[in-house]
Amino acid sequence: MSSVDAFAREKLAGLESQSLLRSLVETERTDGVWMDRGGRRLLSFSCNDYLNLSQHPEIKAAAIAAIEQYGVGSGASRLVTGNHPLYAELEARLARLKGTEAACVFGSGYLANTGIIPALVGSGDLILLDDLSHACIWAGARLSRATVMPFRHNDVAHAKALLREHRARHPRVLIATEGVFSMDGDLAPLVDLAALARQFDAWLLTDDAHGLGVIGGGRGSSFVGGERPDVPLQMGTLSKALGAYGGYLCASRPVIDLMRNRARTFVYSTALPPAVLAGAIAAIDLIEREPAYAALPVGKAKAFTRQVGLPDAVSSIVPVVVGEADAALAASHMLEDEGFLVVPIRPPTVPDGTARLRFAFAAAHPDDEIIRLADIVRTRVVGNKR
Ligand SMILES: Cc1ncc(COP(=O)(O)O)c(C=O)c1O
């Protein structure tokens, strides 16, 4: 056996012994929330297509029309091959939705964070990030070569203490967090973080991957509640509630122009397919037109948490922390036997000892199935922990 194969096998055996081995399971999704897997039909709570727009007739029609008109691939990077007119339209729509001067679309949310952060800060600068931040925020932070200091999850006092101690030694400081936390479903205290950023002349970046289209009337986490936090760097993805693909940054005109010049994942990566751009534009149309529809996933999540006896959901994501990875796997298998797909989330995606079931609620989930699921979770998952 070659040494690289031996290395891979040893790593995989280690993962398997800790119940952390992952494998791809063929799953066909032909409808908003129902999946075919291994010949069985399952109701999925493991999909971020919160508004089921990836299957929406209007969005599909827009994407098909774009393919017919422009073809499939885009050919090269936007700076090289020329900017597709659908980009200008999509970026203008995103900026309007988020209330910023301009927007810049990237190839994915992951590419956005790994491009934006190193374009803004570098060696000698400081990044404070919530310690539950998504892997791509961490990746962008590490790529930047700035000093990275995590603060305890949603702990503004901890972030403040770090700024008091370290701010003066760094020319530029970025504070990064998620608007809606992807594995916990809670919201960042954006009003307080924005005030803190202002006080210490730091730049606040929010990743609203799970907020756009779902909270704040569909406009995301900066639009929840009466007070509007000043968030100069609003990042997010088009791949979840918008049902399409791609990432974005909404910000001021100079920041967006800087991205187009210096964000390496923008400059050196091929533009998105036109069909994806057209689908995302159609999705924004729908969200702006139908805020009551955009509110459905959180309403469904709340119905679930009330039936289980958990604190009210504040987003479309509800975690039920089980503890060890093998317990989360067993709970997931039990739910699959009952007809539900709820994939266990295990380390390193979440911290050790906090493996969980992550329920993602979508507009098309039938109410009676949510109640049936909640009753099973209450009696056989939450009840078991007591
Ligand atoms: C918080 C957060 N940020 C960024 C991403 C990455 O976005 P994308 O899937 O568009 O690469 C995700 C999705 O996995 C996410 O949950």
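Both ligands and their constituent atoms are indexed starting at 1 by order of listing. Predicted model, so just to flag it, every value in this text is computed and none were measured. Side-chain atoms are counted along with the backbone in the values below, which use heavy atoms only and exclude waters and symmetry mates.
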| query | Phe223 ring centre to Arg228 NZ or CZ under 6.0 Å, with the angle to the axis within 45°? | reply | no
| Does Gly124 offer a backbone N or O that forms a donor-acceptor pair with the side chain of His170 under 3.5 Å? | yes
| task | Could you check whether the rings of Phe304 and Phe359 sit parallel, tilted or perpendicular, using 30° and 60° as the cut-offs? | result | tilted
| Got a second to check how far Asp208's CG is from Gln234's CD, nearest 0.5 Å? |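 These two atoms lie 7.5 Å from each other.
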| field | Point-to-point distance, once rounded to the nearest 0.5 Å, from CZ of Arg96 to CD of Glu91 | value | 15.0 Å
Could you tell me, for ligand 1, which of its N or O atoms are under 3.5 Å from any protein N or O, listing the pairs and their distances rounded to 0.1 Å?
{"unit_1": "ligand 1", "atom_1": "3 (N)", "unit_2": "Asp207", "atom_2": "OD1", "d": "3.4"}
{"unit_1": "ligand 1", "atom_1": "3 (N)", "unit_2": "Asp207", "atom_2": "OD2", "d": "2.6"}
{"unit_1": "ligand 1", "atom_1": "10 (O)", "unit_2": "Gly109", "atom_2": "N", "d": "2.8"}
{"unit_1": "ligand 1", "atom_1": "10 (O)", "unit_2": "Thr237", "atom_2": "OG1", "d": "2.8"}
{"unit_1": "ligand 1", "atom_1": "10 (O)", "unit_2": "Ser239", "atom_2": "OG", "d": "3.1"}
{"unit_1": "ligand 1", "atom_1": "11 (O)", "unit_2": "Gly109", "atom_2": "N", "d": "3.2"}
{"unit_1": "ligand 1", "atom_1": "11 (O)", "unit_2": "Tyr110", "atom_2": "N", "d": "2.9"}
{"unit_1": "ligand 1", "atom_1": "14 (O)", "unit_2": "His134", "atom_2": "NE2", "d": "3.3"}
{"unit_1": "ligand 1", "atom_1": "14 (O)", "unit_2": "Lys240", "atom_2": "NZ", "d": "3.1"}
{"unit_1": "ligand 1", "atom_1": "16 (O)", "unit_2": "His210", "atom_2": "NE2", "d": "2.6"}

| field | By salt bridge (charged side-chain N to carboxylate O under 4.0 Å, His left out) - contacts of Asp201 (at least two apart) | value | Arg167
